[in-house]
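Every value quoted in this text rests on a predicted model; they were computed, and no experiment measured them.
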Amino acid sequence: MQRDAILSQVFFARIQAVEALRKLGGGEVVSAELLRQICTELDDASLRYGRASTATIYGAFSALLRIVLSLAEWRQAVLNAVPDGDRFLRSAVERHRLWLKEFGEKDVAKSLVDASASLQSVATIADFESICKTLAGIPLPIGVFSEERPRIPAGPEQGKRSINYALARGTGIDARAEVYGSTSSMFQGSSAS
């Protein structure tokens with residue numbers, strides 16, 4: 001996948017998430033299916049970053065958006081007077097507690113941890129809407145590059161790799177070269193015919 005494709009995918013998913021959070025914060029209804037779709041897109045984007053810190057923050061944001069989804073379902077249950085609608089609220093509070101165990105100590109997720117701190121004490125729809133507004137305003141990085149391995153190993157003890165290359169004179173002959181971390185050894189053992 002191209003690097004700019006990663007940037008585009010993350011940017012679009014982030015915009016969708018902010019729009020959904022702003023709508024929820026303004027008292028509008030956002031479908032549970034749309035929120036699930038956004039979470040999936042954010043998960044996919046975070047996986048593309050590998051072990052980079054950007055992956056961590058998008059993973060944390062996606063998990064937090066799933067908690068918001070539970071609260072959105074709670075909001076609808078309250079407004080529709082559904083029996084036992086508080087199960088969504090209890091679920092969100094417990095899932096947030098687990099989320100804090102996973103992301104609470106990570107520096108990269110500090111802004112999300114701070115923004116979601118009041119989630120443990122949500123009691124009214126107004127509390128929920130306030131959390132959504134706060135989360136919509138949290139800036140998240142957009143990573144431009146995915147994590148890559150170094151192209152040339154640092155030394156022979158860290159491994160050598162073989163590369164194939166075509167000789168320049170149009171012969172089409174492939175020669176093998178062992179790369180040890182410097183280009184000076186690249187052409188050892190090759191011969192032009």
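Between the CD1 atom of I57 and the OG atom of S111 there is a distance of 4.5 Å, given to the nearest 0.5 Å. To the nearest 0.5 Å, atoms CD1 (I138) and CZ (R14) are separated by 8.0 Å. Atom CG of residue L42 and atom CG of residue L47 lie 11.0 Å apart, to the nearest 0.5 angstrom. Here the CZ atom belonging to R66 is positioned 12.5 Å from the OG atom belonging to S91, to the nearest 0.5 angstrom. Separating the CD atom in E129 from the SG atom in C132 is a distance of 7.5 Å, to the nearest 0.5 Å. With values rounded to the nearest 0.5 angstrom, L89 atom CG is found 12.0 Å from R87 atom CZ.
Nearest heavy atoms, I125 versus W74: N-CH2, 3.8 Å. Nearest heavy-atom pair across L65 and A17 is CD2-CB, 4.1 Å. Looking at every heavy atom in both residues, A20 comes nearest to V30 through O-CG2, 3.7 Å. The minimum heavy-atom distance between P141 and T54, with the atom names listed, is O-CG2, 4.1 Å. Counting all heavy atoms, side chain and backbone alike, A92 lies closest to I67 at O-CG2, 3.6 Å. Closest approach of V108 to S53, counting heavy atoms only: CG2-O, 3.7 Å.
L24 has its side chain within reach of F128: a pair of non-hydrogen atoms, C-beta onward, lies under 4.5 Å apart. You'll find the side chain of E105 stays beyond 4.5 Å of the side chain of V113, heavy atoms only. Between F103 and T56, the closest side-chain pair of non-hydrogen atoms falls below 4.5 Å.
When hydrophobic clusters are built by joining Ile, Leu, Val, Met, Phe, Trp and Tyr residues whose side-chain heavy atoms come closer than 4.5 Å, directly or via intermediates, L140 is grouped together with I131. Neither L69 nor V82 shares a network with the other; the hydrophobic side chains, linked directly or stepwise wherever heavy atoms of I, L, V, M, F, W or Y lie under 4.5 Å apart, form separate groups for each. Residues L98 and V93 fall into different hydrophobic clusters, defined by Ile, Leu, Val, Met, Phe, Trp and Tyr side chains chained together at heavy-atom separations under 4.5 Å. Residues V29 and L135 do not share a hydrophobic cluster, clusters being chains of Ile/Leu/Val/Met/Phe/Trp/Tyr side chains in contact below 4.5 Å.
With hydrogens and angles disregarded, no donor-acceptor distance shorter than 3.5 Å links the side chain of S62 to the backbone of G59. Judged by distance alone, the side chain of R97 and the main-chain N or O of Q120 form no donor-acceptor pair under 3.5 Å. Judged by distance alone, the side chain of D127 and the main-chain N or O of T124 form a donor-acceptor pair under 3.5 Å. A donor-acceptor distance shorter than 3.5 angstrom exists from the side chain of T134 to the backbone of S130, with no hydrogens or angles considered. With S70 contributing its side chain and F88 its backbone, the two residues share no donor-acceptor pair below 3.5 Å.
Ion pairing between a basic and an acidic side chain is recognised when a charged N comes within 4.0 Å of a carboxylate O; D84 and R90 show such pairing.
At most 12 non-hydrogen atoms from other residues, nucleotides or ligands lie less than 6.0 angstrom from CZ of R22.
Looking at E41 and Q37, their side chains do bring a donor and an acceptor atom within 3.5 Å of each other.
Checked options L71, L119, V68; the residue passing with H96 is L119 (criterion: side-chain contact (heavy atoms from CB on, under 4.5 Å)).
Ring geometry for Y58 against F61 counts as perpendicular: the plane angle is over 60°, on a 0 to 90° scale with 30° as the lower cut.
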